[in-house]
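Order of the sequence lines fixes the chain letters, A, B, ..., with proteins taken first and strands second; residue numbering starts at 1 for each chain.
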Amino acid sequence: MDAFYASVEQRDHPACRGRPVIVGADPHGGRGRGVVSAASYEARTFGIHSALPISQAYRRCPEGVFLPVRMSHYQAVSAQIFQIFGRYTDLVEPLSLDEAFLDVTGSLRLFGSAEAIGRRIQAEILTETELRASVGIATNKFVAKVASDLRKPNGFVVVPPGQAAHFLQPLPIERLWGVGPKTAGRLRQMGLMTIGELAARPQLELAAALGPLGAHLWDLAQGIDVREVIPEEPAQSVGAETTFPEDTADPVRIRQTVLALSEGVARRLRVEAIQAGALTLKLRDETFQTQTRSVSLSEPTDQSQDIYRTALMLLERLPFSGRKVRLLGVTASRLSDLMGSGQQLSLEINPAGAKQRRLTEAVDRIHARFGKGAIRPASLLASS
DNA sequence: TCTGGGGTCCTAGGACCC
DNA sequence: TCTGGGGTCCTAGGACCC
């Protein structure tokens with residue numbers, strides 16, 4: 001999808017059409033702390049793009065329309081778009097809310113060429129959601145993705161079989177999937193600016209310089225990508241993190257935040273009927289130094305209290321620096337399905353655990369009936 | 001100039017096991 | 001008294017993606 005969040009907002013608010021729309025953190029008159037999540041094409045003419053600090057975006061275009069991220073709304077729109085994909089193939093691999101790979105190899109007999117399918121999907125998205133999408137068609141995932149990004153917005157790029165290397169050759173190395181700022185810097189030091197230049201070097205040279213990543217990048221530069229389109233897989237981790245509006249050293253505020261994050265993660269685990277086998281606490285201080293501490297749990301859990309207690313224990317494991325805290329995060333990993341894990345048994349023989357679980361179930365029912373925020377720990381009452 | 005929040009995957013060292 | 005080689009798991013950090 002093209003400028004997805006911003007396009008959804010322009011669709012929903014006609015007054016914003018034709019104007020620079022910036023979806024992201026609150027700019028707070030130029031003193032906001034977040035970044036831009038999405039910028040409309042009008043906003044991009046001011047040099048505004050995603051990941052740009054919101055304060056800079058404000059400076060570049062103070063008259064712009066700054067809107068908060070409405071994630072659950074975009075999720076609903078995303079579901080509508082993925083439903084359209086499902087009409088043409090079961091092999092849909094989501095890459096994000098607004099992007100997916102579709103393997104239509106098995107759909108050709110029914111719908112004609114890949115190009116015909118791409119055109120139909122693009123048209124159905126437009127008529128059913130009033131949103132524009134860009135399509136890339138190729139014989140593998142990497143080339144299709146590059147093709148889809150090339151002519152945004154409303155792009156449609158087909159790379160015929162056998163043409164991938166030729167198509168990629170003039171593009172900058174940053175277009176290679178997996179090349180970020182660090183790797184791009186190393187590649188430039190090797191004198192490599194374009195994908196074609198990288199492709200012309202011996203693969204062993206890349207592998208020697210960058211390890212397995214180098215060998216993989218060399219493959220991509222030739223237009224070789226053997227990765228399959230794999231339909232949605234269960235998540236590997238579930239986390240929540242937050243940046244304070246201003247750095248803080250207040251221990252009460254820090255504990256309250258850890259509690260709120262723990263509650264949020266635990267609720268998502270329960271909604272998805274999964275449990276955490278490991279937990280990680282993340283802390284970023286005022287100097288932007290980030291540290292993590294993690295543990296594997298002796299017993300998987302989806303209980304807020306378990307996660308909160310463990311997160312506090314991990315917090316105490318961090319060396320005391322005396323520096324203020326900028327960001328806190330709590331992440332659950334080693335996730336296991338609640339079904340058939342033997343988990344129930346061990347809970348039953350633990351009266352305190354059983355009581356805690358009944359309490360959680362009651363709280364979840366109150367949430368389901370009266371909405372988020374209807375009930376919360378007393379220590380969080382004042383904070384929102 | 002200031003750097004979000006949601007993730008994935010990889011690396012590297014140490015503990016531990018056979 | 002000195003110490004291999006294979007493997008797994010755990011933890012911390014980092015690069016990258018949208």
Side-chain angles (χ1 to χ4, degrees), chain A residues 1-6 22-28 30-39 47 49-60 68-69 71-72 74-75 78 93-101 141-142 145-146 148-149 152 174-187 210-217 220 227 230 232-247 261 264-265 268 277-298 314 317-319 326-335:
Chain A
M1 303 302 293
D2 302 325
F4 184 50
Y5 303 169
I22 299 101
V23 179
D26 186 337
H28 263 112
R31 287 170 287 108
R33 298 191 89 170
V35 300
V36 174
S37 286
H49 53 84
S50 30
L52 184 76
I54 201 76
S55 52
Q56 283 196 51
Y58 185 80
R59 255 167 266 155
R60 291 180 191 189
V69 177
M71 194 53 76
S72 55
Y74 311 140
Q75 278 167 353
S78 171
E93 178 177 330
L95 193 59
S96 65
L97 274 190
D98 73 324
E99 200 166 8
F101 294 111
K141 295 206 293 191
F142 167 61
K145 171 153 173 61
V146 174
S148 74
D149 285 331
K152 283 171 165 286
E174 286 85 354
R175 289 274 181 175
L176 289 168
W177 207 17
V179 173
K182 300 279 178 188
T183 309
R186 296 175 67 181
L187 291 171
L210 300 176
L213 174 69
H216 176 61
L217 293 178
L220 295 185
R227 290 171 295 183
I230 300 164
E232 190 163 10
E233 302 244 295
Q236 303 291 310
S237 64
V238 169
E241 63 183 56
T242 188
T243 296
F244 291 104
E246 65 288 322
D247 301 337
L261 293 167
V265 168
R268 282 179 56 201
L279 290 169
T280 302
L281 180 98
K282 174 170 160 183
L283 186 150
R284 176 172 292 152
D285 69 28
E286 57 187 330
T287 69
F288 217 72
Q289 184 190 222
T290 307
Q291 285 181 288
T292 63
R293 288 294 180 270
S294 55
V295 272
S296 289
L297 305 175
S298 54
L314 291 170
R317 276 211 219 157
L318 287 167
R326 179 188 179 93
L327 169 148
L328 288 170
V330 174
T331 296
S333 56
R334 304 211 181 163
L335 304 177

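For DNA chain C, if you chain together Watson-Crick or G-U pairs that step i with j, i+1 with j-1 and so on, the runs of at least three with distances under 3.5 Å are B:5-18 with C:5-18.
Under the salt bridge (Lys or Arg N to Asp or Glu O under 4.0 Å) criterion, Lys141(A) pairs with Glu93(A), not counting sequence neighbours. Scanning for ring pair (Phe, Tyr, Trp, His ring centres under 6.0 Å) contacts around Tyr5(A) gives Tyr74(A), with sequence neighbours left out. Residues satisfying the side chain to side chain donor-acceptor pair (under 3.5 Å) criterion with Ser96(A), sequence neighbours excluded, are Asp98(A). Applying the salt bridge (Lys or Arg N to Asp or Glu O under 4.0 Å) rule to Glu246(A) yields the partners Arg253(A); only residues at least two apart in sequence or on another chain are considered. With sequence neighbours excluded, the residues forming a salt bridge (Lys or Arg N to Asp or Glu O under 4.0 Å) with Asp2(A) are Lys152(A), listed by chain and number. Every residue was checked against the side chain to side chain donor-acceptor pair (under 3.5 Å) condition with Gln291(A), not counting sequence neighbours, and none meets it. Every residue meeting the salt bridge (Lys or Arg N to Asp or Glu O under 4.0 Å) condition with Arg33(A), not counting sequence neighbours, appears here in chain and number order: Asp247(A). Every ring pair (Phe, Tyr, Trp, His ring centres under 6.0 Å) that Tyr58(A) has, sequence neighbours left out, goes to Phe66(A).
For dA12(C), neither phosphate oxygen OP1 nor OP2 lies less than 4.0 angstrom from any side-chain nitrogen or oxygen of Thr292(A). A sub-4.0 Å separation between OP1 or OP2 of dG6(B) and a side-chain N or O of Ser237(A) is absent. In terms of phosphate contacts, Arg293(A) brings a side-chain nitrogen or oxygen within less than 4.0 Å of OP1 or OP2 of dG13(C).
Contact annotation for Ala235(A): backbone-only contact, meaning every heavy-atom pair under 4.0 Å involves sugar-phosphate atoms and none involves a base. Nucleic acid contact class of Val295(A) (heavy atoms, under 4.0 Å, all strands): sugar-phosphate only.
Separation of atoms OG1 (Thr331(A)) and CG (Leu279(A)) is listed at 9.0 Å; rounding is to 0.5 Å. The CZ atom of Arg60(A) sits 5.0 Å away from the CG atom of Leu52(A) when rounded to the nearest 0.5 Å.
Separating the CG atom of Leu210(A) from the P atom of dC10(B) is a distance of 15 Å, rounded to the nearest angstrom. Going from atom CD of Gln236(A) over to atom C1' of dG6(B) covers 14 Å, rounded to whole Å. To the nearest angstrom, C1' of dC9(B) lies 11 Å from CZ of Arg227(A). As a whole-Å value, the separation of Leu279(A) CG from dA12(C) P is 12 Å. Taking atom CZ of Arg186(A) as the reference point, atom C1' of dG14(C) lies 12 Å away to the nearest angstrom. The CZ atom of Arg334(A) sits 14 Å away from the P atom of dC9(B) (whole-angstrom rounding). Between Leu283(A) atom CG and dA12(C) atom C1' there is a gap of 14 Å when expressed in whole angstrom units. Remark: P of dG14(C) and NZ of Lys282(A) are 11 Å apart, rounded to the nearest angstrom.
Comparing the same atom, C1', in dT1(B) and in dC16(C) gives a spacing of 22 Å after rounding to whole Å. Using atom C1' as the reference point in both dG4(B) and dC17(C), the two lie 14 Å apart (nearest Å).
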Sort me out a list of protein N/O and nucleotides 16-18 of chain C N/O pairs below 3.5 Å, or just none if empty.
residue : atom : partner   : partner atom : Å
dC16(C) : OP1  : Gly180(A) : N            : 3.0
dC16(C) : OP1  : Thr183(A) : N            : 2.9
dC16(C) : OP1  : Thr183(A) : OG1          : 2.4
dC16(C) : OP2  : Pro181(A) : N            : 3.4
dC16(C) : OP2  : Lys182(A) : N            : 3.0
dC16(C) : O5'  : Gly180(A) : N            : 3.4
dC17(C) : OP1  : Gly178(A) : N            : 2.9
dC17(C) : OP1  : Val179(A) : N            : 3.4
dC17(C) : OP1  : Val179(A) : O            : 3.3
dC17(C) : O3'  : Trp177(A) : NE1          : 3.4
dC18(C) : OP1  : Lys145(A) : NZ           : 2.5
dC18(C) : O3'  : Ser96(A)  : OG           : 2.8
dC18(C) : O3'  : Asp98(A)  : OD1          : 3.2

What's touching nucleotides 2-5 of chain B from the protein side, N or O pairs under 3.5 Å?
residue : atom : partner   : partner atom : Å
dT3(B)  : OP1  : Arg33(A)  : O            : 2.6
dT3(B)  : OP2  : Arg326(A) : NH2          : 3.4
dT3(B)  : O5'  : Arg326(A) : NH2          : 3.4
dG4(B)  : OP1  : Arg326(A) : NE           : 3.4
dG4(B)  : OP1  : Arg326(A) : NH2          : 2.9
dG4(B)  : OP2  : Arg284(A) : NH1          : 3.4
dG5(B)  : OP1  : Thr243(A) : N            : 3.1
dG5(B)  : OP2  : Thr243(A) : N            : 3.0
dG5(B)  : OP2  : Thr243(A) : OG1          : 2.5

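Glycosidic conformation at dC2(C) (O4'-C1'-N9-C4 for purines, O4'-C1'-N1-C2 for pyrimidines): anti, more than 90° from 0.
For Arg268(A), whose side chain is taken as the heavy atoms from C-beta onward, the closest listed nucleotide among dA12(C), dC9(B), dG6(B) is dG6(B).
Counting only residues at least two apart or on different chains, the side chain to side chain donor-acceptor pair (under 3.5 Å) pairs with a member in residues 279-288 of chain A are Glu241(A)-Lys282(A), Arg284(A)-Thr290(A), Asp285(A)-Thr287(A), Asp285(A)-Gln289(A), Asp285(A)-Arg323(A).
At least one side-chain heavy atom of Arg326(A) sits less than 4.5 Å from a side-chain heavy atom of Thr243(A).
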